[in-house]
Amino acid sequence: MGDKDMDNKELDDSYEFACRLDQQDRLARFREEFYIPKGKIYLDGNSLGLLSKRSEASLLELLDSWKQFGIDGWTEGNHPWYHLSEQLGRKLAPLVGACPEEVIVTGSTTTNLHQMVATFYQPQGNRTKILADELTFPSDIYALQSQLKLKGYSPDTHLIRVKSRDGRFLDEERIIEAMTGEVALAVLPSVLYRSGQILDMRRLAKAAHARGVLIGFDLCHSVGAILHELSAWEADFAVWCNYKYLNSGPGSVGALYVNKKHIGRFPGLAGWFSSAKHKQFDMEHVLAPAEAAGAYQIGTPHILSAAPLIGSLQMFEEAGMENLRKKSLDMTRYMMKLIMKERQHMRVEIGNPLEDHRRSGHIYLEHKEAARICRALKANGVIPDFRAPNGIRLAPVPLYNTYKEVWEAVQILRRIMEEEQYKQFKNERGVIA
Ligand SMILES: *Cc1c(COP(=O)(O)O)cnc(C)c1O
(Lines give C-alpha, C1' and ligand atoms only; values in the text may rest on other atoms or scores of the structure.)
Protein backbone atom coordinates (compact mmCIF):
# COMPACT_ATOMS: atom_id res chain seq x y z
CA MET A 1 0.00 0.00 0.00
CA GLY A 2 1.50 3.31 -1.03
CA ASP A 3 0.93 6.84 0.17
CA LYS A 4 -1.70 7.28 -2.51
CA ASP A 5 -3.94 4.54 -1.09
CA MET A 6 -3.85 6.20 2.27
CA ASP A 7 -4.53 9.67 0.99
CA ASN A 8 -7.60 8.37 -0.70
CA LYS A 9 -10.51 9.56 1.44
CA GLU A 10 -12.40 6.40 0.52
CA LEU A 11 -10.17 4.20 2.64
CA ASP A 12 -11.42 0.66 2.37
CA ASP A 13 -12.01 -0.22 6.01
CA SER A 14 -13.26 -3.73 5.35
CA TYR A 15 -11.81 -6.85 6.89
CA GLU A 16 -11.25 -8.21 3.39
CA PHE A 17 -9.02 -5.29 2.51
CA ALA A 18 -6.86 -5.97 5.60
CA CYS A 19 -6.59 -9.62 4.50
CA ARG A 20 -5.58 -8.50 1.03
CA LEU A 21 -2.83 -6.30 2.44
CA ASP A 22 -1.48 -9.33 4.32
CA GLN A 23 -1.54 -11.43 1.17
CA GLN A 24 0.49 -8.81 -0.67
CA ASP A 25 2.98 -8.41 2.19
CA ARG A 26 6.40 -9.71 1.18
CA LEU A 27 7.61 -9.76 4.77
CA ALA A 28 4.69 -11.88 5.98
CA ARG A 29 6.78 -15.06 6.24
CA PHE A 30 8.76 -13.68 9.18
CA ARG A 31 5.76 -13.90 11.50
CA GLU A 32 6.15 -17.69 11.63
CA GLU A 33 9.61 -17.22 13.07
CA PHE A 34 8.19 -15.69 16.26
CA TYR A 35 6.44 -17.00 19.32
CA ILE A 36 3.25 -14.95 19.27
CA PRO A 37 1.46 -15.04 22.65
CA LYS A 38 -1.62 -17.18 22.05
CA GLY A 39 -4.83 -15.32 21.36
CA LYS A 40 -3.16 -11.93 21.72
CA ILE A 41 -2.60 -9.03 19.38
CA TYR A 42 0.84 -7.97 20.56
CA LEU A 43 1.38 -4.26 19.85
CA ASP A 44 4.13 -3.70 22.41
CA GLY A 45 7.21 -4.63 20.40
CA ASN A 46 8.51 -1.11 20.93
CA SER A 47 8.84 -1.90 24.66
CA LEU A 48 9.80 -5.54 24.59
CA GLY A 49 10.11 -7.35 21.28
CA LEU A 50 8.92 -10.96 21.06
CA LEU A 51 11.11 -14.05 21.15
CA SER A 52 11.94 -15.55 17.77
CA LYS A 53 12.93 -19.15 17.12
CA ARG A 54 16.25 -17.92 15.82
CA SER A 55 17.01 -15.99 19.01
CA GLU A 56 16.05 -19.02 21.02
CA ALA A 57 18.40 -21.12 18.89
CA SER A 58 21.33 -18.73 19.21
CA LEU A 59 20.85 -18.51 22.97
CA LEU A 60 20.78 -22.30 23.25
CA GLU A 61 23.82 -22.54 21.02
CA LEU A 62 25.86 -20.33 23.32
CA LEU A 63 24.59 -22.16 26.37
CA ASP A 64 25.77 -25.32 24.67
CA SER A 65 29.20 -23.85 23.97
CA TRP A 66 29.58 -23.33 27.71
CA LYS A 67 28.49 -26.95 28.27
CA GLN A 68 30.95 -28.26 25.68
CA PHE A 69 33.97 -26.06 26.01
CA GLY A 70 33.99 -24.59 29.53
CA ILE A 71 36.58 -21.81 29.58
CA ASP A 72 37.64 -22.56 26.02
CA GLY A 73 34.31 -21.17 24.84
CA TRP A 74 36.08 -17.79 24.86
CA THR A 75 37.93 -18.86 21.73
CA GLU A 76 36.14 -21.99 20.44
CA GLY A 77 32.78 -22.70 18.83
CA ASN A 78 30.85 -20.83 16.15
CA HIS A 79 30.69 -17.64 18.18
CA PRO A 80 33.83 -17.37 20.34
CA TRP A 81 32.76 -15.28 23.33
CA TYR A 82 35.91 -13.15 23.35
CA HIS A 83 34.95 -11.59 20.03
CA LEU A 84 31.16 -11.71 20.31
CA SER A 85 30.67 -8.03 21.26
CA GLU A 86 32.70 -6.93 18.25
CA GLN A 87 31.04 -9.47 15.95
CA LEU A 88 27.58 -8.23 16.94
CA GLY A 89 28.73 -4.60 16.68
CA ARG A 90 29.69 -5.22 13.05
CA LYS A 91 26.27 -6.77 12.37
CA LEU A 92 24.46 -3.86 14.01
CA ALA A 93 26.47 -1.17 12.21
CA PRO A 94 24.30 -1.13 9.04
CA LEU A 95 21.16 -0.59 11.12
CA VAL A 96 22.57 2.68 12.46
CA GLY A 97 24.55 3.69 9.36
CA ALA A 98 27.94 3.29 10.98
CA CYS A 99 31.29 1.71 10.11
CA PRO A 100 31.84 -1.73 11.64
CA GLU A 101 34.49 -0.54 14.11
CA GLU A 102 32.26 2.31 15.33
CA VAL A 103 29.75 0.01 17.07
CA ILE A 104 30.07 -2.34 20.03
CA VAL A 105 27.48 -4.44 21.84
CA THR A 106 27.91 -3.78 25.54
CA GLY A 107 26.22 -2.54 28.69
CA SER A 108 22.75 -1.03 28.74
CA THR A 109 21.41 2.23 27.40
CA THR A 110 21.88 3.93 30.73
CA THR A 111 25.33 2.54 31.58
CA ASN A 112 26.46 3.31 28.04
CA LEU A 113 25.20 6.85 28.41
CA HIS A 114 27.22 7.13 31.62
CA GLN A 115 30.26 5.90 29.73
CA MET A 116 29.72 8.32 26.84
CA VAL A 117 29.16 11.34 29.07
CA ALA A 118 32.16 10.38 31.21
CA THR A 119 34.19 10.26 27.98
CA PHE A 120 32.80 13.24 26.05
CA TYR A 121 31.70 15.76 28.65
CA GLN A 122 34.78 17.84 29.28
CA PRO A 123 33.70 21.20 30.68
CA GLN A 124 36.12 24.00 29.88
CA GLY A 125 35.99 27.75 30.48
CA ASN A 126 32.42 28.91 29.86
CA ARG A 127 31.40 25.66 28.21
CA THR A 128 30.17 23.69 31.19
CA LYS A 129 26.51 22.87 30.53
CA ILE A 130 24.73 19.82 29.15
CA LEU A 131 21.76 20.26 26.83
CA ALA A 132 18.81 17.85 26.92
CA ASP A 133 15.03 18.26 26.57
CA GLU A 134 12.01 18.10 28.81
CA LEU A 135 10.38 15.17 27.00
CA THR A 136 13.30 12.76 27.13
CA PHE A 137 13.32 9.42 28.93
CA PRO A 138 13.86 9.85 32.69
CA SER A 139 16.82 7.46 32.91
CA ASP A 140 18.80 9.72 30.57
CA ILE A 141 18.07 12.73 32.76
CA TYR A 142 19.11 10.86 35.92
CA ALA A 143 22.37 9.83 34.25
CA LEU A 144 23.10 13.40 33.11
CA GLN A 145 22.31 14.76 36.56
CA SER A 146 24.69 12.33 38.23
CA GLN A 147 27.45 13.02 35.70
CA LEU A 148 27.13 16.75 36.35
CA LYS A 149 27.35 16.17 40.10
CA LEU A 150 30.44 14.02 39.67
CA LYS A 151 32.09 16.98 37.94
CA GLY A 152 31.04 19.31 40.79
CA TYR A 153 28.17 21.10 38.99
CA SER A 154 24.59 21.51 40.08
CA PRO A 155 22.08 19.96 37.66
CA ASP A 156 19.73 22.85 38.53
CA THR A 157 22.01 25.32 36.81
CA HIS A 158 23.94 23.08 34.40
CA LEU A 159 21.35 20.79 32.87
CA ILE A 160 19.33 22.64 30.23
CA ARG A 161 16.06 21.00 29.25
CA VAL A 162 14.63 22.46 26.06
CA LYS A 163 10.89 22.97 26.40
CA SER A 164 8.18 21.54 24.22
CA ARG A 165 5.42 23.91 23.07
CA ASP A 166 2.64 21.35 23.34
CA GLY A 167 3.94 18.53 25.54
CA ARG A 168 4.14 16.24 22.51
CA PHE A 169 6.78 17.44 20.13
CA LEU A 170 10.13 19.17 20.12
CA ASP A 171 11.08 21.91 17.73
CA GLU A 172 14.59 21.47 16.29
CA GLU A 173 14.84 25.24 15.89
CA ARG A 174 14.42 25.74 19.63
CA ILE A 175 16.97 23.04 20.42
CA ILE A 176 19.47 24.72 18.14
CA GLU A 177 18.81 28.12 19.73
CA ALA A 178 19.70 26.57 23.07
CA MET A 179 23.14 25.45 21.79
CA THR A 180 24.92 28.48 23.20
CA GLY A 181 28.57 29.07 24.05
CA GLU A 182 27.86 27.67 27.53
CA VAL A 183 26.96 24.21 26.23
CA ALA A 184 29.64 21.52 26.09
CA LEU A 185 27.48 18.55 25.20
CA ALA A 186 23.99 17.82 23.85
CA VAL A 187 22.27 14.49 24.51
CA LEU A 188 18.98 14.00 22.67
CA PRO A 189 16.62 11.20 21.71
CA SER A 190 16.41 10.11 18.07
CA VAL A 191 12.71 9.46 18.65
CA LEU A 192 10.55 10.71 21.52
CA TYR A 193 9.32 7.70 23.46
CA ARG A 194 5.78 9.02 23.89
CA SER A 195 4.79 10.81 20.68
CA GLY A 196 7.17 8.87 18.44
CA GLN A 197 8.45 12.09 16.82
CA ILE A 198 11.72 11.61 14.94
CA LEU A 199 14.18 14.43 15.53
CA ASP A 200 16.18 15.63 12.54
CA MET A 201 19.50 14.18 13.68
CA ARG A 202 21.41 15.35 10.64
CA ARG A 203 20.36 18.93 11.17
CA LEU A 204 20.97 18.83 14.92
CA ALA A 205 24.45 17.33 14.55
CA LYS A 206 25.41 19.90 11.93
CA ALA A 207 24.15 22.78 14.05
CA ALA A 208 25.86 21.43 17.18
CA HIS A 209 29.22 21.19 15.46
CA ALA A 210 28.89 24.66 13.95
CA ARG A 211 28.45 25.91 17.52
CA GLY A 212 31.29 23.92 19.06
CA VAL A 213 28.97 21.47 20.84
CA LEU A 214 29.42 17.69 20.89
CA ILE A 215 26.23 15.71 20.32
CA GLY A 216 25.05 12.21 21.18
CA PHE A 217 21.74 10.43 20.60
CA ASP A 218 19.67 7.85 22.45
CA LEU A 219 18.38 5.50 19.73
CA CYS A 220 16.21 3.20 21.90
CA HIS A 221 13.04 4.01 19.98
CA SER A 222 14.58 4.20 16.53
CA VAL A 223 16.98 1.27 16.18
CA GLY A 224 15.26 -1.45 14.19
CA ALA A 225 12.42 0.94 13.44
CA ILE A 226 13.84 3.58 11.09
CA LEU A 227 16.96 4.12 8.95
CA HIS A 228 19.97 5.95 10.34
CA GLU A 229 23.14 7.41 8.90
CA LEU A 230 25.11 8.15 12.05
CA SER A 231 28.51 8.29 10.31
CA ALA A 232 27.32 10.54 7.50
CA TRP A 233 25.52 12.79 9.96
CA GLU A 234 28.70 12.86 12.06
CA ALA A 235 26.89 12.22 15.31
CA ASP A 236 29.61 12.04 17.96
CA PHE A 237 28.12 9.10 19.82
CA ALA A 238 24.92 7.11 20.31
CA VAL A 239 23.59 4.55 22.78
CA TRP A 240 20.65 2.15 22.64
CA CYS A 241 19.08 -1.05 23.92
CA ASN A 242 18.43 -4.12 21.79
CA TYR A 243 15.35 -5.50 23.53
CA LYS A 244 12.72 -3.26 21.89
CA TYR A 245 12.44 -3.43 18.09
CA LEU A 246 15.52 -5.69 17.94
CA ASN A 247 13.85 -8.50 19.90
CA SER A 248 16.88 -9.67 21.84
CA GLY A 249 15.13 -10.36 25.13
CA PRO A 250 14.39 -8.73 28.49
CA GLY A 251 17.41 -6.77 29.73
CA SER A 252 19.59 -8.04 26.92
CA VAL A 253 22.88 -6.29 26.23
CA GLY A 254 22.72 -2.81 24.67
CA ALA A 255 25.09 -1.08 22.27
CA LEU A 256 26.95 2.12 21.58
CA TYR A 257 28.42 3.95 18.60
CA VAL A 258 31.39 6.31 18.62
CA ASN A 259 32.27 8.28 15.48
CA LYS A 260 35.63 7.18 14.15
CA LYS A 261 37.14 10.65 14.49
CA HIS A 262 36.92 10.09 18.26
CA ILE A 263 38.38 6.62 18.30
CA GLY A 264 41.49 6.92 20.44
CA ARG A 265 39.76 9.13 22.99
CA PHE A 266 40.49 7.54 26.36
CA PRO A 267 37.39 5.93 27.92
CA GLY A 268 35.95 7.92 30.80
CA LEU A 269 35.11 4.69 32.59
CA ALA A 270 37.85 2.19 31.86
CA GLY A 271 38.08 -1.52 32.55
CA TRP A 272 40.06 -4.45 31.23
CA PHE A 273 37.61 -5.04 28.36
CA SER A 274 38.47 -1.54 27.12
CA SER A 275 41.79 -3.06 26.07
CA ALA A 276 43.05 -3.82 22.60
CA LYS A 277 42.15 -7.50 22.27
CA HIS A 278 45.68 -8.75 21.75
CA LYS A 279 47.02 -6.78 24.72
CA GLN A 280 44.30 -7.51 27.28
CA PHE A 281 45.88 -10.66 28.65
CA ASP A 282 49.31 -9.07 29.06
CA MET A 283 47.78 -7.98 32.40
CA GLU A 284 49.69 -4.69 32.42
CA HIS A 285 48.59 -1.94 34.79
CA VAL A 286 48.72 0.56 31.93
CA LEU A 287 45.61 0.34 29.72
CA ALA A 288 46.14 0.11 25.97
CA PRO A 289 42.59 0.83 24.70
CA ALA A 290 41.16 -0.84 21.61
CA GLU A 291 41.26 1.34 18.50
CA ALA A 292 37.55 0.88 17.96
CA ALA A 293 34.26 1.40 19.80
CA GLY A 294 35.31 -1.64 21.84
CA ALA A 295 37.44 0.75 23.95
CA TYR A 296 34.23 1.86 25.68
CA GLN A 297 33.46 -1.57 27.10
CA ILE A 298 34.24 -2.01 30.77
CA GLY A 299 34.14 -5.58 32.09
CA THR A 300 33.42 -9.11 30.92
CA PRO A 301 30.60 -9.16 28.35
CA HIS A 302 27.26 -10.71 29.35
CA ILE A 303 27.44 -13.49 26.79
CA LEU A 304 24.13 -15.20 27.50
CA SER A 305 22.28 -11.90 27.43
CA ALA A 306 23.83 -10.96 24.10
CA ALA A 307 23.26 -14.38 22.49
CA PRO A 308 19.63 -13.83 21.33
CA LEU A 309 20.83 -10.87 19.26
CA ILE A 310 22.77 -13.22 16.97
CA GLY A 311 19.57 -14.87 15.72
CA SER A 312 17.57 -11.68 15.72
CA LEU A 313 20.00 -9.73 13.54
CA GLN A 314 19.97 -12.48 10.90
CA MET A 315 16.32 -11.67 10.31
CA PHE A 316 16.95 -7.95 10.01
CA GLU A 317 19.62 -8.70 7.44
CA GLU A 318 17.31 -10.97 5.46
CA ALA A 319 14.25 -8.73 5.64
CA GLY A 320 16.20 -5.53 4.93
CA MET A 321 15.76 -2.42 7.05
CA GLU A 322 14.36 -0.40 4.14
CA ASN A 323 11.61 -2.95 3.57
CA LEU A 324 10.85 -3.08 7.27
CA ARG A 325 10.62 0.70 7.50
CA LYS A 326 8.33 0.84 4.53
CA LYS A 327 5.96 -1.77 5.95
CA SER A 328 6.05 -0.11 9.36
CA LEU A 329 5.00 3.22 7.82
CA ASP A 330 2.28 1.49 5.84
CA MET A 331 0.95 -0.16 8.99
CA THR A 332 0.98 2.93 11.18
CA ARG A 333 -0.60 4.99 8.36
CA TYR A 334 -3.29 2.34 7.91
CA MET A 335 -3.95 2.25 11.65
CA MET A 336 -4.26 6.04 11.86
CA LYS A 337 -6.66 6.13 8.93
CA LEU A 338 -8.87 3.47 10.50
CA ILE A 339 -8.87 5.36 13.79
CA MET A 340 -9.62 8.68 12.12
CA LYS A 341 -12.48 7.16 10.20
CA GLU A 342 -14.04 6.11 13.52
CA ARG A 343 -13.15 9.35 15.23
CA GLN A 344 -16.62 10.20 16.50
CA HIS A 345 -16.78 6.86 18.38
CA MET A 346 -13.18 6.89 19.51
CA ARG A 347 -12.78 10.22 21.26
CA VAL A 348 -9.01 9.80 21.35
CA GLU A 349 -6.48 12.28 20.01
CA ILE A 350 -3.71 11.12 17.73
CA GLY A 351 -0.58 12.45 19.42
CA ASN A 352 2.09 11.21 17.01
CA PRO A 353 3.33 13.02 13.90
CA LEU A 354 1.19 12.32 10.85
CA GLU A 355 3.98 12.85 8.32
CA ASP A 356 6.02 9.78 7.41
CA HIS A 357 9.41 11.41 7.81
CA ARG A 358 8.65 12.52 11.37
CA ARG A 359 6.84 9.39 12.57
CA SER A 360 8.66 6.39 14.02
CA GLY A 361 7.28 2.88 14.59
CA HIS A 362 4.35 3.46 16.91
CA ILE A 363 1.06 5.27 17.16
CA TYR A 364 0.43 7.41 20.22
CA LEU A 365 -3.15 8.01 21.31
CA GLU A 366 -4.05 10.47 24.03
CA HIS A 367 -7.04 10.28 26.35
CA LYS A 368 -7.33 11.40 29.95
CA GLU A 369 -8.40 7.90 30.93
CA ALA A 370 -5.64 6.19 28.97
CA ALA A 371 -4.64 3.97 31.92
CA ARG A 372 -7.98 2.21 32.13
CA ILE A 373 -8.37 2.10 28.33
CA CYS A 374 -5.09 0.16 28.25
CA ARG A 375 -6.44 -2.20 30.90
CA ALA A 376 -9.57 -2.74 28.82
CA LEU A 377 -7.48 -3.38 25.70
CA LYS A 378 -5.45 -5.99 27.58
CA ALA A 379 -8.60 -7.65 28.89
CA ASN A 380 -9.69 -7.88 25.24
CA GLY A 381 -6.42 -9.47 24.08
CA VAL A 382 -4.72 -6.37 22.67
CA ILE A 383 -1.34 -5.59 24.26
CA PRO A 384 -0.60 -1.85 24.18
CA ASP A 385 1.45 0.13 26.61
CA PHE A 386 0.38 2.96 28.76
CA ARG A 387 2.65 5.95 29.19
CA ALA A 388 1.82 8.37 31.97
CA PRO A 389 -0.01 10.64 32.13
CA ASN A 390 -2.41 10.07 29.23
CA GLY A 391 -0.85 8.02 26.44
CA ILE A 392 -1.57 4.72 24.72
CA ARG A 393 1.24 3.41 22.54
CA LEU A 394 0.42 0.92 19.81
CA ALA A 395 3.29 -0.49 17.77
CA PRO A 396 2.50 -2.69 14.76
CA VAL A 397 5.89 -4.32 14.22
CA PRO A 398 6.69 -5.17 10.58
CA LEU A 399 8.48 -8.44 11.37
CA TYR A 400 5.57 -10.10 13.11
CA ASN A 401 2.35 -8.07 13.14
CA THR A 402 -0.26 -8.30 10.41
CA TYR A 403 -2.63 -5.79 8.82
CA LYS A 404 -5.46 -8.00 10.03
CA GLU A 405 -4.26 -7.52 13.60
CA VAL A 406 -4.17 -3.77 13.08
CA TRP A 407 -7.72 -3.89 11.77
CA GLU A 408 -8.92 -6.06 14.68
CA ALA A 409 -7.17 -3.94 17.30
CA VAL A 410 -8.91 -0.83 15.99
CA GLN A 411 -12.30 -2.59 16.06
CA ILE A 412 -11.67 -3.66 19.66
CA LEU A 413 -10.64 -0.16 20.64
CA ARG A 414 -13.74 1.26 19.00
CA ARG A 415 -15.94 -1.13 20.92
CA ILE A 416 -14.23 -0.30 24.21
CA MET A 417 -14.74 3.41 23.61
CA GLU A 418 -18.24 3.23 22.18
CA GLU A 419 -19.57 0.99 24.96
CA GLU A 420 -17.42 2.75 27.57
CA GLN A 421 -16.12 -0.67 28.63
CA TYR A 422 -13.01 0.99 29.99
CA LYS A 423 -15.04 2.41 32.87
CA GLN A 424 -15.10 -1.06 34.44
CA PHE A 425 -11.36 -0.76 35.05
CA LYS A 426 -9.34 1.29 37.52
CA ASN A 427 -7.80 4.37 35.98
CA GLU A 428 -4.34 3.73 37.36
CA ARG A 429 -1.23 2.28 35.88
CA GLY A 430 0.23 -1.10 36.83
CA VAL A 431 3.68 -1.35 38.46
CA ILE A 432 5.05 -1.92 34.97
CA ALA A 433 3.37 0.23 32.36
C1 LIG B 1 13.86 1.95 26.88
C2 LIG B 1 14.64 3.19 26.98
C3 LIG B 1 15.73 3.30 27.85
C4 LIG B 1 16.06 2.16 28.76
O5 LIG B 1 17.33 2.23 29.31
P6 LIG B 1 17.99 0.88 29.87
O7 LIG B 1 19.28 1.34 30.42
O8 LIG B 1 18.11 -0.06 28.72
O9 LIG B 1 17.08 0.36 30.93
C10 LIG B 1 16.47 4.46 27.83
N11 LIG B 1 16.14 5.49 27.01
C12 LIG B 1 15.07 5.43 26.19
C13 LIG B 1 14.74 6.57 25.29
C14 LIG B 1 14.29 4.29 26.17
O15 LIG B 1 13.23 4.23 25.36
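Start at 1 and go down the list; that is how both ligands and their atoms are numbered.
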May I ask you to check whether Thr109 has an N/O atom sitting below 3.5 Å from an N/O atom of ligand 1? yes
Minimum-distance protein heavy atom relative to atom 10 (C) of ligand 1: Phe137 CD2, 3.4 Å
For Tyr193 and ligand 1, does the shortest N/O to N/O distance drop below 3.5 Å? no
Are Glu369 and Arg372 close enough for a salt bridge, meaning some N to O gap below 4.0 Å? yes
What part of Asp140, side chain from CB on, backbone N/CA/C/O, both or neither, has a heavy atom under 4.0 Å from ligand 1? side chain
Let's go through Trp74 and Phe281 carefully: what are the C-alpha distance in whole Å and the side-chain angles of both, what is the deciding distance for ring-ring contact (aromatic ring centres under 6.0 Å, His included) to 0.1 Å, and is it a yes or a no? CA-CA 13 Å; Trp74 287 104; Phe281 280 84; 8.4 Å; no
What is the nearest protein non-hydrogen atom to atom 8 (O) of ligand 1, stated with its residue, atom name and distance? Tyr243 OH, 2.7 Å
Distance under 4.0 Å to a non-hydrogen atom of Ser108: what atoms of ligand 1 satisfy this? 7 (O)
Please state which part of Asp218 comes within less than 4.0 Å of ligand 1, counting heavy atoms only: side chain, backbone, both or neither. side chain
Among all protein non-hydrogen atoms, which one is nearest to atom 7 (O) of ligand 1, and what is the separation to 0.1 Å? Thr110 OG1, 2.6 Å
Flag if over 12 foreign heavy atoms under 6.0 Å of CZ, Arg161: no
Does anything in residues 181-240 form a ring pair (Phe, Tyr, Trp, His ring centres under 6.0 Å)? List the pairs, not counting sequence neighbours. Phe120-Phe237, Phe137-Tyr193, His221-His362
Tell me which part of Cys220 gets within contact of ligand 1: side chain, backbone, both or neither, using heavy atoms under 4.0 Å. side chain
Proximal atoms of ligand 1 relative to His221 (non-hydrogen, under 4.0 Å): 15 (O)
Should His367 and Glu349 be marked as a side-chain hydrogen bond (donor to acceptor under 3.5 Å, both in side chains) after you check the CA-CA gap, both sets of side-chain angles, and the distance that decides it? CA-CA 7 Å; His367 190 288; Glu349 294 263 340; over 6 Å; no
With a 3.5 Å distance limit and no angle check, can you tell me whether Tyr153 reaches the backbone of Thr128 through a side-chain donor-acceptor pair? no
Regarding atom 14 (C) of ligand 1: of the candidates Lys244, Arg194, His114, which has the closest heavy atom? Lys244
Polar contact flag, side-chain donor to acceptor under 3.5 angstrom, Ser58-Ser55: no
Start with the C-alpha distance between Asn259 and Glu234, add both sets of side-chain angles, then the distance that settles side-chain hydrogen bond (donor to acceptor under 3.5 Å, both in side chains), and finish with yes or no. CA-CA 7 Å; Asn259 187 282; Glu234 296 193 57; 5.4 Å; no
